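Bear in mind that the values here come from a model prediction, so they are computed numbers and not experimental data. Counting starts at 1 for both ligands and their atoms, in listed order.
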Amino acid sequence: MKKQWWHNKIAYQIYPKSFCDSNGDGIGDLQGIISKLDYLKDLGIDLIWLSPIYKSPLADQGYDIADYYSIDPRFGTMEDMDQLIAEAGKRGMGIIMDLVVNHCSDEHAWFRKACEDPSGPYGDYFYIREAVDGKLPCNWRSYFGGPVWEKLPGHENLYYLHVFHKKQPDLNWENPRLREEIYQMVNWWLDKGLAGFRLDAIINIKKALPFRDYPADREDGLCSIHNMLHEAKGVGDFLGEMRDRTFLPHHAFSVGEVFNEKEEELPDFIGENGYFSSMFDFAETVFGHSEQGWYRSVDITPDDYKRCVFHAQRRVGDFGFLSNIIENHDEPRGVSRYIPEGEVSPASKKMLATMYFLLRGLPWIYQGQEIGMENRKLQSIDEVDDISSHDEYKVALHAGLSGEEALHLVEKYGRDNARTPFQWNGGPGAGFTNGTPWLTVNPNYTQINLEAQKEDPDSVFGYYRRLIMLRKDPRYSETLTFGAFEPWLAQQHNLMAYLRKGEDQTILIMGNFQPQPQTVPLPGPVGKVLLTNTEAVHADGPFITLDGYQAVVIELKKSE
Ligand code: GLC
Ligand code: CA
C-alpha cells in the first residue's frame, strides 16, 4: 500500500446544526464551528468532515440539497465557509464536505425544470416514468418508508424515483450531462482548498434497470432496495470516472458511505487506485439489522462486536485503509449501543474508545463522542425530529407493539440520539446556544459536558486526548498507523484483544468487555505499558488480570 498524506491523521465529524450556535437562533452554524477550531486543534484533530451545509429545505437535515453552490443562510454565508477553510488551514487542519449526489432536493432548479418539461433536458436528470394501468414502475420501498415513486408535480400519470424521502429525487447518473455537472461542482469546491469529500449513500447511484419488481417482503407489498443493489452492476464505472475527473487531480481525500458493496469488489473500492481513499466500516453498524424494521432488530453483544470488527479488519488486510467509527449522525451513540445496558460508565466508555481507535485504519470521532455523550430518553414521539424514526415508530405500531415499546425502539436506534446539541457546559442550553435549541439538549448535560472534563486527565475527554497523543507519538505512530492487525485470543468470551505489528515492534491492545475481572495469557513479555483506563496493570509472567472494563495498551518486549 502506497503511503498517502492522510493515512496518519485523526478525523472528526461535525453535525453543524448541533455543534455550536453563534447567533442565538438555536441552530448551529459556521461561525460557531470557527469559534471551536482551537478546541479541535487542541484535541489533536487533523481532518474535519461537515455534514451538509448547502442551501436546503432541510427535509432530511441538509441531505436534500437545493443548490450545491450556496450555503444555507441558517448556517451562514459563502464568506463564512471560505473563512472556515482558511482558518482550519492556518491551524494545519483540512475541511471535508459531504457530497450528496445520489439525489438532490425537489426544490433544486434542475427538478423544477424537470417538472416544467419532463421530456426536456432536465427531465433526463431524474428518473421519471409513467404508471401503466395505475401500476407504479416497480415495488421498491424507500429507505424512509413507502414506495420510491411519487407523482411528478403538475403531471397526472408521471412519477419520479426517490430511494430516500420524496423531497429527495434521485439523480440519473446514466446521463453524461448530469455527471459533468457534478464533476464540475466537485472541482469548484476542491479548488477552494477543501481536503476532500465524504460520499453520501454513494452505492445507490447505480440502479438495476429497467425497473422491475422483486418479491415483496412486508405486508405493504413492497421490497427492500437491497434486492436492486444486489443486482445492479457497473457502479464502478461512475465512481472511477468521478475519481479521475475530480479527487485524483486534486490529491483529495475521499471516504465512501458504502453499504451493500459486493465482497469481491472491495479492492476496487479502496485498494491501490481504488475509487475512494477510504470507506467506513459498517460491519458493526448493520449487525442485527432486519428488513422488517427496527422492531425486529437484534442487539449486538460484545462478542458479536468483536467478530464484526475482526472480520472487517481481516477483509481489508493491508491492501486498503478503512475508516473506523463507533457512531455518526445516523446512528445511536456508540457507548449506548456497544456497551451492555446498565454498564455504561466512564471506564467502559474509555475501554470501547481504545478498542476501535487503535485498529488499523483512520480513526473518526463524532462530535460529543469525546466527552462520552449518550442516547437520550424520550417521553413522546412528538419530541422526535428524525424522519426515519417516525417511519420506524409507525412500522412498530403497525406490527402490534405498544406505544411505549415503539418509543423505546426510537430511543435505542433513532438518529436524533446523535443529533442532540453538543454539551459544552452545564449552563443553560448546554453552552450550545443562548436561544432555544432546535432539538432538545440531552438532560444529562449537567453531568456530561466538556467544561466538567476539560482539565481532568482522568475524564473521558482526557482519555481521548491521550489516545490521540499515543497514535501520534513518533515512537508508536508507524506501528499504530501501518502495522498489521492480528487478533489475540479471538475465542475468549467478553475479551477483545489484538496486536498491531510493525517492522520491529508489537503493540498489544486489550479490553475486558465485562464488569468482572478476567485473567488471560499474554502473547509475550511486557515491555512497556503505553496506556490504561484504570489505576494499574496487573501483569504477572505470562498472564494478565484485567479489571472490569479495563483497557490496556502494551508494547511487548522485543525478542533478542
Ligand atoms: C446518508 C446520510 C443520511 C441521509 C441519507 C440520504 O445515509 O448519512 O443522513 O439521510 O444518506 O441522503
Ligand atoms: Ca445559529
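Those atoms of ligand 1 that come under 4.0 Å of a heavy atom in His103, given as number and element, are 6 (C), 12 (O). Per-residue contacts place Arg419 under 4.0 angstrom from the following atoms of ligand 1 (heavy atoms of the residue considered): 9 (O). In the vicinity of Arg415, heavy-atom distances shorter than 4.0 Å reach the ligand 1 atoms 3 (C), 4 (C), 9 (O), 10 (O).
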Worked check of side-chain contact (heavy atoms from CB on, under 4.5 Å) between Ser277 and Trp6 = CA-CA 9 Å; Ser277 312; Trp6 49 267; 3.3 Å; yes
Test log, rule salt bridge (Lys or Arg N to Asp or Glu O under 4.0 Å), inputs Lys206 and Glu174 = CA-CA 8 Å; Lys206 186 73 192 185; Glu174 304 292 338; 3.0 Å; yes
Step by step, work out the ring-ring contact (aromatic ring centres under 6.0 Å, His included) result for Tyr464 and Phe461.
-> CA-CA 5 Å; Tyr464 265 96; Phe461 174 79; 8.4 Å; no
Step by step, would you call Phe211 with Trp149 a side-chain contact (heavy atoms from CB on, under 4.5 Å)?
-> CA-CA 11 Å; Phe211 294 111; Trp149 297 97; 3.7 Å; yes
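Counting heavy atoms under 4.0 Å from ligand 1, residue Phe144 touches it through the side chain alone. Of the heavy atoms in Glu331, none comes closer than 4.0 Å to ligand 1. Only the side chain of Arg198 comes within contact range of ligand 1, with a heavy atom under 4.0 Å; no backbone atom does.
Closest protein heavy atom to atom 1 (C) of ligand 1: Asp200 OD1, 2.7 Å. Protein heavy atom nearest atom 7 (O) of ligand 1, with residue, atom name and distance: Glu257 OE2, 2.8 Å. Protein heavy atom closest to atom 9 (O) of ligand 1, with residue, atom name and distance, is Asp330 OD1, 2.6 Å. The protein heavy atom nearest to atom 10 (O) of ligand 1 is Asp60 OD2, 2.4 Å. Ranking the protein heavy atoms by distance from atom 5 (C) of ligand 1 puts Phe164 CE2, 3.7 Å first.
Put simply, Ile27 gets within reach of the Ca ion (ligand 2), with an N, O or S atom under 3.0 Å from it.
Taking the charged nitrogens against the carboxylate oxygens, Asp82 and Lys192 do have a contact shorter than 4.0 Å, which makes a salt bridge. Glu291 and Arg296 are not joined by a salt bridge, as no carboxylate oxygen comes within less than 4.0 angstrom of a charged side-chain nitrogen.
When all heavy atoms of Glu374 and Asn442 are compared, the pair lying nearest together is O-ND2, 3.1 Å.
At distances below 3.5 Å, at least one donor-acceptor pair connects side-chain atoms of Gln168 with backbone N or O atoms of Tyr63.
The Ca ion (ligand 2) lies at the vertex of an angle of 90° between the OD2 atom of Asp29 and the OD1 atom of Asn23 (rounded to 10°).
No other N/O/S atom of Asp21 lies as close to the Ca ion (ligand 2) as OD1 does. Restricting Asp25 to its N/O/S atoms, the shortest distance to the Ca ion (ligand 2) is reached by OD1.
Both tests hold for Lys17 against Trp438: distance to the six-membered ring centre under 6.0 Å, angle to the ring axis within 45°. Relative to the six-membered ring of Trp424, Lys454 misses at least one condition, a distance below 6.0 Å or an angle of at most 45° to the axis.
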